[in-house]
Amino acid sequence: MEHCILQVALDTPLDRLFDYRWPLPAPGPVTGDTVEACAAPMPQLGQLVLLPFGRQQMMGLIVGISDHTDVPEAKLKDGLELRSQLPPLSAQWIALCRFAADYYQRPLGEVALPALPRNLRAGKATSLDRNLKKLAKLSPALDANPNPEPPLNAAQQEAVDAISGTASGNAGFAAHLLYGVTGSGKTEVYLQAAARILAQSEQAQVLILVPEINLTPQLETNIRKRFSGIQIATLHSGMAEGERLQHWLAAHLGQARIILGTRLAILASLPYLKMIVIDEEHDPSYKQQEGLRYSARDLAVWRAHQLGIPVVLGSATPSLESWQHAKVGRYRKLELRERAVKDAVLPVVKIINLEHEKPAEGLTARLIASIRLRLEKGEQSLLFLNRRGYAPVIACDACGWISDCTRCTAHLVMHKLDRKLRCHHCGYEQRIPHHCPTCGNIDLQPLGRGTQRMEEGLKLIFPEARVFRIDADSTRFKGSAEAAFDTVHRGEVDILIGTQMVAKGHDFKNLTLVGALNPDSALFSQDYRASERLFAQLMQVAGRAGRAAQKQGGNISEVLIQTRYPDHPLYHALMAHDYDRFANDLLEERQQASMPPFIYQALLRAEAKDLQTALDFLHLAVNCIAHAGITIHDPIPMTMTRVANVERAQLLVESVSRPALQAFLKVWIATLRGLKSRVKWGVEIDPVDISSHPSNSFSPRPYRLLMVALASSFMLSSCGGGADDLIKRLGEVTSCGGKDCKDSSSLRPDEIRANYLISQNAGSVKVEASFSLSTNSATLVSLNGKDKLSASIGSQSSSLNDIDGSGTKYVANLADASPQASVSVSFNRGSEAFVSSVSMPKQFAIVSPSEQIALGRSAGSLYVQLDVASDAAISASTKMLCQRADTSVFEATTALKSVYEPSAAGGAVYRIDTLELDQALNDASRALNSANPNLSLVRSCDLELIWTLSQSGQSASALSKNSSISAQRSASHLLQYDARK
DNA sequence: TGGACAAATGCG
DNA sequence: GCATTTGTCCAT
Ligand SMILES: [Zn+2]
Ligand SMILES: [Zn+2]
């Protein structure tokens, strides 16, 4: 029997495809009977196939079909079952997965297969067959009287026209940033633009993404009421498996034409997709925070681009990334200035200064009075406190014991109702102790206030009022959140207390007061995105009060914010309803400090039983790779170092060039895989939370000093003025060599990050030094006045000089004294000297190849033997002078992946894969010509392969802890590479 | 000498 | 990632 070879992607960490045999129908004339009997189905690209894999069965995705394979006959296995009843996944869907896999640096199979419903990947096809049958019978419900389209105001109409085009036909790719406050009618723009798109073709599908918490049955019902006769599918993580398969299939088959879902819906199969909407695009829940850490927003924009269709990003407080894209014209900004709801006005935002008005039970007298006014008129009040439980921690007054989780770097939170102490990070819980576990004291005090405690206090202050709490604890069960919101809607609640859950999605018609009880903590977070999140949250919660038009004789809608920092610019922007200014100011800070979106980031995380193992792995990771053009920050423990008895550390990698970062990560990840470390590690692209310095104090420092704490530390020491002064100072950063630069004389030694690199070249030793801020390596530091540098080996010493006058790089040359000399670099300030030192790595030679060689791509491997110890920190890089197939020529330098190969020959043998080499050369080629998608491939190169042995030393303790000193010795050899051979 | 456990192996 | 094999330690 004839066979074909299926190339299959599988959900495994192994980054390659797998080949399987599949029997083909017998060729030639077949009689009617035998066709049915013996013809195996003909496999197609995009089909799913059940396979034996290792000792398990797995579902695979066919991404290639061939008539031959390089896999030896003995290893080849046969496919088991083809899911031919399921129409194949489209090439475009596979391309989307391939892009995501590439971008987030994961194997294709780890992206594509988990994107499919679990029941599709099951060994049995029963659920699939059942749901296919069910769907065949299903036809969309026709509503006798669907809700009509309400009229649009001018700005809304303009937005709908811009998004969906006025004429029929394909609107083409365009990204629209739909910017408008709550109540400005964004939803109506989505719906009417969707209606137009759906009317343009019989099959057209529209995908609407909403944040996790906003996907309520209420929203679904509203859409259903509007679009009579159109099938709607929903996709979110809370669905039962069978239900999910049914909705996924409805989308895949094109039956469902509106798909409403959370972030995971972006990876659904949508063969007729014609428009994507992302509601509340700034919402952090669009970023997956485990497994494949993708951003549904970013993938949505790519998918729209791929298909040439419009994508709408809607928000009252757009993410800074989208804001910047709109600024430079990559996105088109559509602004809704008026409120579309009749007679609605923006709520008045007022600040209550906690320094002047001391709160009782967390409530100031003014807030209590305002609530009372609402009670008198029969209106509702909403109190916002982003902290669930009774108290965030309990403590013993006598001995200082506090309720810490033994498994995490976190407090146990007191929950009064079930009399438990609970860790919100690992789920550990215990009974509230009656007495102090260390000294026996009976008097344990709850510290701070959560929603439960507020609820208790409110009931005491307003015994006549109906107080109601909504948070993750009160809505733990399926449907209970809906029931709770219904209670509020029915007017059975006077005072609602809740966490961020109440900020989103629900509009309360009778609500005229919103109180933010204690929002300040987010102002001092180590996470630099905390303030934009706080603004978005307060804006959203404020929107709850603005929905209702003022009633005859009723109260105006008010938002009261209790704060100890009434002058904080965030609150001022909020009072003025001025997100434009707030966003522009933040963007400027980010640009000055070289933070996203002006720099691209990736995070390497490691976790292990003890912190040192994780940190050691990260240090090893830094040392095993050359990294020109990439900034690698020092390994540090994560803010929450321990979670469930696992210690975690991380390493930030940055570059101003996305292609350079991606190319570097590719080589790095392959190298790290080769280390075969048992430390669990992973790389995250575009991380949202890179906060990492464990907070050393609970007492918030004044905001002026902290507002841009991450941006640069020089302001921490010298800034005394207000916020405006601070922003001006940011502008004063001097420019040297076209980069941010700062004078060393204004800095303490520990604010200066010294990076020393000592390299050995043909008998001389070169010492290079550069400096940057401890907190931000993008801001360079130049030496001035009393600061001087010198270096010494044995008895010889030399001062380091600013060679090119840029003030950013200092160099000295010394003769090589002894084979393993110790090199010291001294940072001299007045009479003080801060000395860092490192010992030079031993001289080594390239044992083989001993002369220049020729290497073809088909050779498979290049083996290089070095006379170094087997555990030496060796990294490879290459200089290249290459010609492409179209005869164009370029020069570049890049890191290479090399794998240590245990060998009996003595010394150490390293292997370079020629296919990976070819890829690295083409990556370098493309990095130089990123604008050209059809760039010719590299044909031949003259390469100088450089092998570098690194040794890191001890930095002076007075300098920044982020300082480094490292010594390198290199040896190189030449080779001629030909991709055609 | 076996049994518990950690480490290494290979997946087509 | 996972099932399975191989290696290591140690008590009997
Ligand atoms: Zn005590
Ligand atoms: Zn815990």
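Given the structure is predicted, the values throughout are model-derived calculations rather than measurements. Labels below follow one simple rule: chain letters A, B, ... track the order of the sequence lines, proteins then strands, and each chain is numbered from 1.
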Between [atom2] on [N] and [atom1] on [X], what's the gap in Å once rounded to a whole number?
{"X": "L17(A)", "N": "dC11(B)", "atom1": "CG", "atom2": "C1'", "value": "14 Å"}
{"X": "E110(A)", "N": "dC2(C)", "atom1": "CD", "atom2": "P", "value": "11 Å"}
{"X": "F18(A)", "N": "dC11(B)", "atom1": "CZ", "atom2": "C1'", "value": "6 Å"}
{"X": "D70(A)", "N": "dG12(B)", "atom1": "CG", "atom2": "P", "value": "16 Å"}
{"X": "L6(A)", "N": "dG12(B)", "atom1": "CG", "atom2": "C1'", "value": "11 Å"}
{"X": "K676(A)", "N": "dC11(B)", "atom1": "NZ", "atom2": "P", "value": "12 Å"}
{"X": "Q57(A)", "N": "dG12(B)", "atom1": "CD", "atom2": "C1'", "value": "15 Å"}
{"X": "L14(A)", "N": "dT9(B)", "atom1": "CG", "atom2": "C1'", "value": "12 Å"}

With a 4.0 Å cut-off on heavy atoms, is [X] in touch with a base, just the backbone sugar-phosphate, or nothing at all?
{"X": "R16(A)", "value": "base"}
{"X": "Y20(A)", "value": "sugar-phosphate"}
{"X": "P72(A)", "value": "nothing"}

| request: Classify the ring geometry between W947(A) and Y910(A) as parallel (under 30°), tilted (30 to 60°) or perpendicular (over 60°). | output: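 Tilted: the ring planes of W947(A) and Y910(A) meet at 30° to 60°.
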| request: Report the C-alpha distance between L675(A) and L672(A) in whole Å, list the side-chain angles of each, state the deciding distance to 0.1 Å, and finish with yes or no for side chain to side chain contact (heavy atoms under 4.5 Å, CB included). | output: CA-CA 5 Å; L675(A) 291 176; L672(A) 294 180; 3.7 Å; yes
| said: So, does K75(A) get its side chain near the phosphate of dC11(B), meaning an N or O under 4.0 Å from OP1 or OP2? | reply: yes
| message | Taking only side-chain N and O atoms of R678(A), does any of them lie within less than 4.0 angstrom of OP1 or OP2 on dA8(B)? | response | yes
| field | K287(A) bridged to E684(A) by N-O distance under 4.0 Å | value |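 Answer for the salt bridge query: yes.
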| field | Close side-chain approach of L82(A) and Q47(A), heavy atoms under 4.5 Å | value | yes
| said: If you define the side chain from C-beta out and look only at heavy atoms, does anything of V8(A) sit under 4.5 Å from V63(A)? | reply: no
| query | Between dT4(C), dG12(B), dC11(B), which one does the side chain of R55(A) approach most closely? | reply | dT4(C)
